[in-house]
A.B. asks: 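Sharing a structure with you now.
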Amino acid sequence: MRDNHDFFKRVYEVVKQIPYGKVTTYGAIARKIGAPKSARMVGYALNASFNGEDIPAHRVVNRKGLLTGKHHFQGTNLMQQLLESEGIQIKDHVVQDFKDHFWDPCEID
DNA sequence: TGCGTGACTAGCC
DNA sequence: AGGCTAGCCACGC
């Protein structure tokens, strides 16, 4: 059963499993961990994930491929730079060919 | 203890 | 097709 504490932990586990050069969405993760309605919490969890965990939060974007969380990152374009470094094209803070780079956590399930 | 906010999503107008 | 509203859940004040 576990408590909501695991919710955050599960988010980290899923995000850490995101392959290089791939991105996913909050909803996909939320649904993967069994909380399709708590997509917001996923983003919240990622914000808290900076506890020192190796969470590639930059690989997590919203359903439209928009870098919604980039503003929460240290720099203004850090998130974008990281994604571009992985071969993902970003235009105006939006992932280009998003579905082409989209990685569904259900695939590993 | 209670209201408001937020890295979202889906549905309705 | 595009904009707005509602639902969800945890955390801060």
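Lettering follows sequence order; numbering is per chain, from 1.
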A.B. asks: I'd like to check the side chain to side chain contact (heavy atoms under 4.5 Å, CB included) partners of A/L82; sequence neighbours left out, ordered by chain and number.
C.D. replies: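 For A/L82 the side chain to side chain contact (heavy atoms under 4.5 Å, CB included) partners, ignoring immediate neighbours, are A/H58, A/F73, A/L78.
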A.B. asks: Applying ring pair (Phe, Tyr, Trp, His ring centres under 6.0 Å), name anything that partners A/F98, two or more places apart in sequence or on another chain.
C.D. replies: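 A/F102.
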A.B. asks: Side-chain polar contacts of residues 36-50 of chain A - donor-acceptor pairs under 3.5 angstrom, sequence neighbours left out - could you list them?
C.D. replies:
from, atom 1, to, atom 2, distance (Å)
A/S49, OG, A/L46, O, 2.4

A.B. asks: List in chain and number order the residues that pass salt bridge (Lys or Arg N to Asp or Glu O under 4.0 Å) with A/E86, two or more places apart in sequence or in another chain; answer none if no residue qualifies.
C.D. replies: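 Partners of A/E86 by the salt bridge (Lys or Arg N to Asp or Glu O under 4.0 Å) criterion, ordered by chain and then number, come out as A/R59.
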A.B. asks: For A/I88 and A/V23: C-alpha separation, side-chain torsions, deciding distance, then whether side chain to side chain contact (heavy atoms under 4.5 Å, CB included) applies.
C.D. replies: CA-CA 9 Å; A/I88 299 173; A/V23 293; 3.4 Å; yes
A.B. asks: Go through the structure and list residues passing salt bridge (Lys or Arg N to Asp or Glu O under 4.0 Å) with A/K16, not counting sequence neighbours.
C.D. replies: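 Partners of A/K16 by the salt bridge (Lys or Arg N to Asp or Glu O under 4.0 Å) criterion, ordered by chain and then number, come out as A/E13, A/E53.
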A.B. asks: Give, ordered by number, those residues of residues 83-91 of chain A having at least one heavy-atom distance below 4.0 Å to an atom of DNA chain B; if nothing qualifies, reply none.
C.D. replies: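 Contacts with DNA chain B under 4.0 Å: none.
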A.B. asks: For DNA chain B, which ranges pair as stems of 3 or more consecutive Watson-Crick or G-U pairs, with both donor-acceptor distances under 3.5 Å?
C.D. replies: B:2-6 with C:9-13, B:8-13 with C:2-7
A.B. asks: What is the per-nucleotide protein-contact pattern of nucleotides 7-13 of chain B, from the 5' end, where B denotes a base atom under 4.0 Å from a protein heavy atom, S denotes such proximity for sugar-phosphate atoms only, and - denotes neither?
C.D. replies: BBSS---
A.B. asks: Who else is in A/V94's hydrophobic cluster (ILVMFWY, side-chain heavy atoms under 4.5 Å, direct or via others)?
C.D. replies: A/L66
A.B. asks: Which salt bridge (charged side-chain N to carboxylate O under 4.0 Å, His left out) pairs, counting each pair once, include a residue from residues 91-101 of chain A, with sequence neighbours left out?
C.D. replies: none
A.B. asks: Got a sec, which pairs hit salt bridge (charged side-chain N to carboxylate O under 4.0 Å, His left out) with one end in residues 73-83 of chain A, sequence neighbours left out?
C.D. replies: none
A.B. asks: Can you pull the salt bridge (charged side-chain N to carboxylate O under 4.0 Å, His left out) pairs that have at least one residue in residues 62-79 of chain A, sequence neighbours excluded?
C.D. replies: none
